[in-house]
Participant: 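Input: one structure, supplied below.
Counting from 1, the numbers follow the sequence of the chain as shown.
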Amino acid sequence: MAKLLITGFDPFAGETVNPSWKAVRHLNGAIIGGFEVITHEIPTVFEAAFTIVQSHIERHQPAVVIGVGQAGGSNAIRVECLAKNRIDARKQDNEGNQPKNALIAIDGPAHYPASIPFENMAKQIEIEGISAHLSNSAGAFVCNELFYSTLHYVKSHNLPIRVGFIHVPYLPEQVANKKRAGLPSMAEETVVRALTVAIEAIGDDLSIPFAN
Ligand code: PCA
């Protein structure tokens with residue numbers, strides 16, 4: 001059976017949880033959309049995040065790799081369409097790195113489109129009754145770096161692997177304080193359902209040749 005590797009990040013910027021890993025961890029070992037789902041937690045650290053994902057790709061040989069990350073303040077599941085060749089950190093990662101105004105790959109193109117059926121994924125999540133939208137920017141922090149580096153690795157090695165990224169809102173517990181009063185959040189089980197539906201949409205698309 002084809003494997004689908006999906007990762008979540010560890011907490012960063014002073015948070016005690018990261019909704020991405022909180023949700024992703026429930027999917028480990030599940031069979032969804034014809035895929036055997038494999039999950040891993042990734043550190044919110046520039047370069048290390050991708051190095052670890054690369055080792056998981058080499059070990060599991062997945063057909064699909066999806067990164068999931070927290071997008072604090074977002075009011076919906078954000079299915080990312082485009083990875084960009086740029087990092088410009090507004091805060092430190094979990095090892096104190098804060099690269100500014102830098103390329104991710106000197107020899108890489110400015111952008112790579114995600115190679116998963118992002119439009120249909122967002123549509124199916126909405127049909128499930130969960131807010132979702134397409135996003136043209138995964139930011140300029142560790143998530144975008146992981147997204148871009150994974151696409152760059154797959155494209156430059158001609159690997160038959162599809163790559164995507166999904167950002168998820170804060171959990172309710174992360175906004176349950178005065179400082180964040182009124183900020184949007186999404187329950188863990190809702191995020192799990194959204195990810196499940198998104199993976200099913202990829203499975204439906206598998207038989208259709210997909211531009212690599
Ligand atoms: N979100 C951050 C990095 C880790 C995470 O969960 C981002 O959007 O770049």
Participant: Run the side-chain donor-acceptor check on residues 101-114: report pairs under 3.5 Å with partners two or more places apart or on a different chain.
Facilitator:
unit_1 : atom_1 : unit_2 : atom_2 : d
Asn101 : OD1    : Arg86  : NH1    : 2.5
Asp107 : OD1    : His152 : NE2    : 3.4
Tyr112 : OH     : His152 : ND1    : 2.7

Participant: Asn144 side chain to Asn85 main-chain N or O, any donor-acceptor pair under 3.5 Å?
Facilitator: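 Absent.
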Participant: Has the side chain of Arg180 got a donor or acceptor atom that lies under 3.5 Å from a matching backbone atom of Asn177?
Facilitator: no
Participant: What are the two closest heavy atoms between Ala89 and Lys100, and how far apart are they?
Facilitator: O-NZ, 2.9 Å
Participant: State plainly whether one hydrophobic cluster holds both Leu27 and Ile116, where clusters connect Ile, Leu, Val, Met, Phe, Trp and Tyr through side-chain heavy atoms under 4.5 angstrom apart.
Facilitator: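 Linked, Leu27 and Ile116 end up in one cluster.
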Participant: Hydrophobic clusters here meaning ILVMFWY residues chained together by side-chain heavy-atom distances under 4.5 Å, can you tell me if Met186 and Ile199 are in one?
Facilitator: yes
Participant: Is there a ring-ring contact (aromatic ring centres under 6.0 Å, His included) between His60 and His40 once you walk through the steps?
Facilitator: CA-CA 11 Å; His60 299 295; His40 283 286; 5.3 Å; yes
Participant: Roughly how far, to the nearest 0.5 Å, is the CZ atom of Arg25 from the CG atom of Asn28?
Facilitator: 11.5 Å
Participant: If you look only at pairs with a residue in residues 123-147, which of them pass as a salt bridge (Lys or Arg N to Asp or Glu O under 4.0 Å), with sequence neighbours excluded?
Facilitator: Glu128-Arg193
Participant: Would you say that His167 contacts Glu80 through its side chain, given a criterion of any heavy-atom pair below 4.5 Å between the two side chains?
Facilitator: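 Of all side-chain heavy-atom pairs linking Glu80 with His167, at least one is under 4.5 Å.
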Participant: Where is the tightest heavy-atom contact between Leu171 and Ala187, given as atom of each residue plus distance?
Facilitator: CD2-C, 4.4 Å
Participant: Between the side chain of Thr39 and the main-chain N/O of Ile6, is any donor-acceptor distance below 3.5 Å?
Facilitator: no
Participant: List the atom of Pro62, the atom of Ile161, and the distance in Å for their closest heavy-atom pair.
Facilitator: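 Nearest pair, atom of Pro62 first, then Ile161: O-CG1, 3.4 Å.
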Participant: For Gln92 and Gln98, work out which heavy atoms get closest and say how close.
Facilitator: CG-OE1, 3.6 Å
Participant: State whether a side-chain donor-acceptor pair under 3.5 Å links Gln174 with Gln70.
Facilitator: yes
Participant: Is there a continuous path of hydrophobic side-chain contacts, each under 4.5 Å between heavy atoms, that joins Tyr148 to Phe9?
Facilitator: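 They do share one cluster, since a chain of ILVMFWY contacts under 4.5 Å joins Tyr148 to Phe9.
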Participant: Report yes or no: do Val17 and Phe141 belong to one cluster of Ile/Leu/Val/Met/Phe/Trp/Tyr joined by side chain heavy-atom distances under 4.5 Å?
Facilitator: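 No, Val17 and Phe141 fall in different hydrophobic clusters.
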Participant: Between atom CD1 of Ile130 and atom CD of Gln124, what is the distance when rounded to the nearest 0.5 Å?
Facilitator: 11.5 Å
Participant: Can you give me the closest heavy-atom contact between Val192 and Ala23, atom names plus distance?
Facilitator: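 The pair with the smallest heavy-atom distance is CG2-O, 3.6 Å.
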Participant: Answer with yes or no whether the side chains of His26 and Glu189 bring together a donor and an acceptor at under 3.5 Å.
Facilitator: no
Participant: Hey, can you pull the donor-acceptor pairs under 3.5 Å for the side chains in residues 41-50, sequence neighbours left out?
Facilitator:
unit_1 : atom_1 : unit_2 : atom_2 : d
Thr44  : OG1    : Asp10  : O      : 3.0
Thr44  : OG1    : Asp10  : OD1    : 3.0

Participant: On a heavy-atom basis, which atom in Phe35 and which in Ala63 lie closest, and how many Å separate them?
Facilitator: CE2-CB, 4.5 Å
Participant: Shared ILVMFWY cluster between Leu134 and Val168, side chains joined below 4.5 angstrom?
Facilitator: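 Per the 4.5 Å side-chain linkage, Leu134 and Val168 are co-clustered.
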